[in-house]
Amino acid sequence: MIHLRSTLFMAWAIVWSIATAPFVFVAGPLLRGLWPYRFGKLWRLGVEWGVRNLLGIRPRVLGLENMPKEPCVILAKHQSAWETMALQNYVPDGAYCVFVLKKELLKVPLIGWGLAAMKMISIDRAAGKDALDQVVTQGRERLKQGFYVIIFPEGTRVPPGEKKRYKPGGAYLATHVGCKVVPVAHDAGERWPRQAFLKTPGTVTVSIGPAFDATGLTEAEVNRRAEAWIEAEMRRISPHRYKDAGQPA
């Protein structure tokens, strides 16, 4: 059954993407304004229909009341492709999100072209400190325009129970702009493993932590605070993945 579910979902995602993605990178830019994001949301909602009804994966959201009403920086755990879609559902109605991503992704057919049309914050990872400045320049503009900025501080998808170094990009943006930061933990990798064709039905727990103001803090302080909350929460929602679950992270 898992093989059938996953096959049906892949077929649905391909057909839906072919049908809707061109609106994002063709019609969207021609109409300008928020149209690329509206068409992007149309594509995302269609794929999420397949996630719920074909894969049988559904979210359980904790702490939704912690999401600020004003644009902020969201620092989230990254385990799969699932959260790149689902996290956008948890900002206030009418708001849109942009991601910080490596510029190479913009060259990926269909998806990458859509990301470019939606003006995601793209950076050159090889640029060193210049990459951080790119994040601040683009991020400040997006926040002023009313967008929520989602950043995966570990920089890549990490299997459940594992952790990589939290990179400074999101903290650097938040401290230089002076905005709120929201830490987010989830266990999407339990149902949608990294680069796996087979996905298993069940519940994904998303936990949204208390927002805190980055104004006056250093990048290191922001990262430490976000990392401490996220990793402690991961041990709470996925205790079977951690030998030290129940102990301080």
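Start at 1 with the first residue, then count along the sequence. The figures that follow rest on heavy atoms only: side chains count, while hydrogens, waters and symmetry mates do not. Note that this is a predicted model, so its numbers are computed, not measured.
- At least one side-chain heavy atom of E233 sits under 4.5 Å from a side-chain heavy atom of S207.
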Tabulate below the donor-acceptor pairs under 3.5 Å that side-chain atoms of residues 49-62 make, not counting sequence neighbours, or state none.
unit_1: N53; atom_1: ND2; unit_2: W49; atom_2: O; d: 2.9
unit_1: R60; atom_1: NE; unit_2: T205; atom_2: OG1; d: 3.4
unit_1: R60; atom_1: NH2; unit_2: T205; atom_2: OG1; d: 3.1

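- Between the side chain of S238 and the backbone N or O of R241 there is no donor-acceptor pair closer than 3.5 Å.
- In this structure the side chain of F99 never reaches within 4.5 angstrom of the side chain of L115, judged on heavy atoms.
- Residues C72 and Y148 form a side-chain contact, since some pair of their non-hydrogen atoms from C-beta on lies under 4.5 Å apart.
- Taking K41 as the reference, R44, L45, Y96 meet the side-chain contact (heavy atoms from CB on, under 4.5 Å) condition, with sequence neighbours excluded.
- Under the side-chain hydrogen bond (donor to acceptor under 3.5 Å, both in side chains) criterion, the residue pairs touching residues 1-25 are S17-W43, with sequence neighbours excluded.
- K163 is linked by a salt bridge (Lys or Arg N to Asp or Glu O under 4.0 Å) to E227, counting only residues two or more places apart in sequence or in another chain.
- Cluster annotation: I230 is not connected to V158 through the hydrophobic network of ILVMFWY side chains, with a link wherever side-chain heavy atoms come within less than 4.5 Å.
- The heavy-atom pair separating V149 from G139 by the smallest distance is CG2-O, 4.5 Å.
- To the nearest 0.5 Å, the span separating CD1 on I74 from CD1 on I208 amounts to 7.5 Å.
- Here the shortest heavy-atom pairing between G189 and Q79 reads N-OE1, 2.7 Å.
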CA sep, side-chain torsions, deciding dist, call: R142, I121, side-chain contact (heavy atoms from CB on, under 4.5 Å): CA-CA 8 Å; R142 303 296 188 275; I121 300 173; 4.1 Å; yes
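- Applying the 6.0 Å contact sphere to CZ of F9 captures more than 12 heavy atoms from other residues, nucleotides or ligands.
- In this structure, the separation between CG on L217 and CZ on R225 is 7.0 Å, given to the nearest 0.5 Å.
- Summarising the geometry, atom CG belonging to L173 is positioned 5.5 Å from atom SG belonging to C179; distances are rounded to the nearest 0.5 Å.
- Scored by the side-chain contact (heavy atoms from CB on, under 4.5 Å) test, A188 finds S80, W82, E83, H186, V204 as partners (sequence neighbours excluded).
- Grouping the Ile, Leu, Val, Met, Phe, Trp and Tyr side chains by contacts below 4.5 angstrom, directly or via other members, places V24 with W35.
- Between I151 and V73, some side-chain heavy-atom pair lies under the 4.5 Å cut-off.
- For residues 69-81, the pairs satisfying salt bridge (charged side-chain N to carboxylate O under 4.0 Å, His left out) are E70-K180, K77-E154, K77-E231, with sequence neighbours left out.
- Pairs engaging residues 161-182 under the ring pair (Phe, Tyr, Trp, His ring centres under 6.0 Å) rule: Y172-H176 [sequence neighbours left out].
- Every ring-ring contact (aromatic ring centres under 6.0 Å, His included) that F25 has, sequence neighbours left out, goes to W113.
- Pairing each heavy atom of V184 with each of V206, the nearest pair is CG1-CG1, 4.0 Å.
- For the atom pair R235 CZ and Y242 OH, the distance stands at 5.5 Å (nearest 0.5 Å).
- Residues satisfying the side-chain contact (heavy atoms from CB on, under 4.5 Å) criterion with P159, sequence neighbours excluded, are E162.
- Under the 4.5 Å side-chain criterion, counting only non-hydrogen atoms from C-beta, T84 is in contact with F152.
- Linking Ile, Leu, Val, Met, Phe, Trp and Tyr residues whenever their side-chain heavy atoms come within less than 4.5 Å leaves V15 and L42 in two separate clusters.
- The structure places CG of D133 at 11.0 Å from CD of Q138, a figure rounded to the nearest 0.5 Å.
- Applying the ring pair (Phe, Tyr, Trp, His ring centres under 6.0 Å) test to residues at least two apart or on different chains, none of the pairs has a partner in residues 207-239.
- Here the shortest heavy-atom pairing between G209 and V182 reads O-CG1, 3.7 Å.
- I123 contributes atom CD1, which lies 7.5 Å from atom CG of L132 (distance to the nearest 0.5 angstrom).
- Under the 4.5 Å side-chain criterion, counting only non-hydrogen atoms from C-beta, D213 is not in contact with V181.
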Candidate pair E141 and K119, rule salt bridge (Lys or Arg N to Asp or Glu O under 4.0 Å), full reasoning: CA-CA 11 Å; E141 179 183 0; K119 296 184 179 179; 5.9 Å; no
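- Closest approach of A117 and P36 over heavy atoms only: O-CB, 3.8 Å.
- Heavy-atom minimum distance, N66 versus P210: ND2-N, 3.7 Å.
- Residues meeting the side-chain contact (heavy atoms from CB on, under 4.5 Å) test with T137, sequence neighbours left out: none.
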Please output the side-chain donor-acceptor pairs of residues 194-203 that fall under 3.5 Å, not counting sequence neighbours, one pair per line with the distance.
unit_1: R194; atom_1: NE; unit_2: R157; atom_2: O; d: 3.3
unit_1: K199; atom_1: NZ; unit_2: A196; atom_2: O; d: 3.2
unit_1: K199; atom_1: NZ; unit_2: F197; atom_2: O; d: 3.3

